[in-house]
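These notes are about the structure you will find just below.
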Protein chains: 2
Amino acid sequence: MSTGNVAAIARVKNAAPLFAALGDETRLQLIGRLSATGPLSITQLTGKARVSRQAITKHLEVLGEVGLVKSSRRGRERIWELEPKRLDDARAYLDRVSKEWDDALGRLQAFVED
Amino acid sequence: MSTGNVAAIARVKNAAPLFAALGDETRLQLIGRLSATGPLSITQLTGKARVSRQAITKHLEVLGEVGLVKSSRRGRERIWELEPKRLDDARAYLDRVSKEWDDALGRLQAFVED
DNA sequence: CTAAAGTGCAACCAGGAGGTTGCACATGAC
DNA sequence: GTCATGTGCAACCTCCTGGTTGCACTTTAG
């Protein structure tokens, strides 16, 4: 690891909760919905889901805690929208791991051919 | 969504368990370790971890179920190694979502400027 | 003002996730 | 053959997660 262990560990600690938040079908659907439609209220997001409003609220809060979405008040409604920067983090992490992965396979290949 | 809802839903259903498997610090460390060192046995992987061998075994099986790693026998040892293709799936999914995300922001921007 | 809409809060519940321990079983080393 | 090594299996435990329901509270609509 060219960046050293400290950076590597820090990356892992940030990435795990992020992936955990993405690791739920309902939450991925919420993300898909928000990206397709733009900012929506809780009630609107609950509409096509097959779970209760409270369940949706909890999912949104989980996504919010890792910074994937954020909310704001509009009258009596609470509007949720996507937070682009955070998704890039996840992508960057996967790109990085993917590269290390390829490197490892390259080394293995070289070793086998020895 | 240009690919239609069926494809979109299928993608979500595949992606969620994959991200869930990645959403654990110990498992990310196992992946990092395997990518840095190459194939390793359970005992070797347990070495630097701070949980028991059985815990490590369970984590490896979780990773194996979503196809991120695979195992083979070598004498009395069980060797685990990375499975590159699956990581690309995750990356491809994030790239896709990230693109939709950008599109959504683009549309929103256009709307606001109206 | 009154009613309905949209949320927030809290209690509660079942099931799964992550962890441990103990013991049996295979296999390599000597 | 014997002993140490490396795993597999199973039981068990605790805590978190995803889900529900009931009720109170704030706003908007009429």
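Numbers restart at 1 for each chain; the letters A, B, ... are given by sequence-line order, proteins then strands. For clarity, every value in this text was computed on a predicted model and none was experimentally measured. Any value given below was found using the heavy atoms of this structure, including those in side chains, with hydrogens, waters and symmetry copies removed.
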Exercise. Would you call B:L45 and B:L34 a side-chain contact if the rule is heavy atoms closer than 4.5 Å?
Worked result: yes

Problem set entry | Test item: A:L22 and A:L68 side chains (from C-beta on) under 4.5 Å apart, heavy atoms | yes

Problem set entry | Length of the line joining A:Q44:CD and C:dA5:P, which is rounded to integer Å | 15 Å

Exercise. To the nearest angstrom, how far is B:L60 atom CG from C:dG19 atom C1'?
Worked result: 15 Å

For this session: Kindly say if B:H59 contacts the phosphate of C:dA17, meaning a side-chain N or O under 4.0 Å from OP1 or OP2.
Result: no

Exercise. Looking only at side-chain N and O atoms, does A:S41 come under 4.0 Å of OP1 or OP2 in C:dT7?
Worked result: yes

For this session: Ignoring hydrogens and angles, tell me if any N or O in the side chain of A:R78 forms a donor-acceptor pair with the backbone of A:S71 under 3.5 Å.
Result: no

Exercise. So, does A:S35 use its side chain to make a donor-acceptor pair with the main chain of A:G32 at under 3.5 Å?
Worked result: yes

Exercise. A:I42 and A:V51: same hydrophobic cluster, using ILVMFWY side-chain contacts below 4.5 Å?
Worked result: yes

Exercise. When clusters are formed by joining ILVMFWY residues with side-chain heavy atoms under 4.5 Å apart, either directly or through shared neighbours, do A:I56 and A:V62 land in the same one?
Worked result: no

Exercise. Taking only residues two or more places apart in sequence, or in another chain, which ones meet A:A92 in a side chain to side chain contact (heavy atoms under 4.5 Å, CB included)?
Worked result: none

Exercise. In Å and rounded to the nearest 0.5 Å, what is the NE2 to CG distance from A:H59 to A:L30?
Worked result: 7.0 Å

Exercise. So which of residues 45-54 of chain B are in contact with DNA chain C, with a heavy-atom cut-off of under 4.0 Å?
Worked result: B:V51, B:S52, B:Q54

Exercise. Of all nucleotides in DNA chain D with an atom under 4.0 Å from a non-hydrogen atom of chain B, which is the first and which the last going 5' to 3'?
Worked result: D:dA4 to D:dC9

Exercise. Which pairs with one or both residues in residues 42-57 of chain B pass side chain to side chain donor-acceptor pair (under 3.5 Å), sequence neighbours excluded?
Worked result: B:S41-B:Q44

Exercise. Among residues 73-80 of chain A, which residues get a heavy atom nearer than 4.0 Å to DNA chain D?
Worked result: A:G75, A:R76

Problem set entry | Set of residues satisfying salt bridge (Lys or Arg N to Asp or Glu O under 4.0 Å) with respect to B:K70, sequence neighbours excluded | none

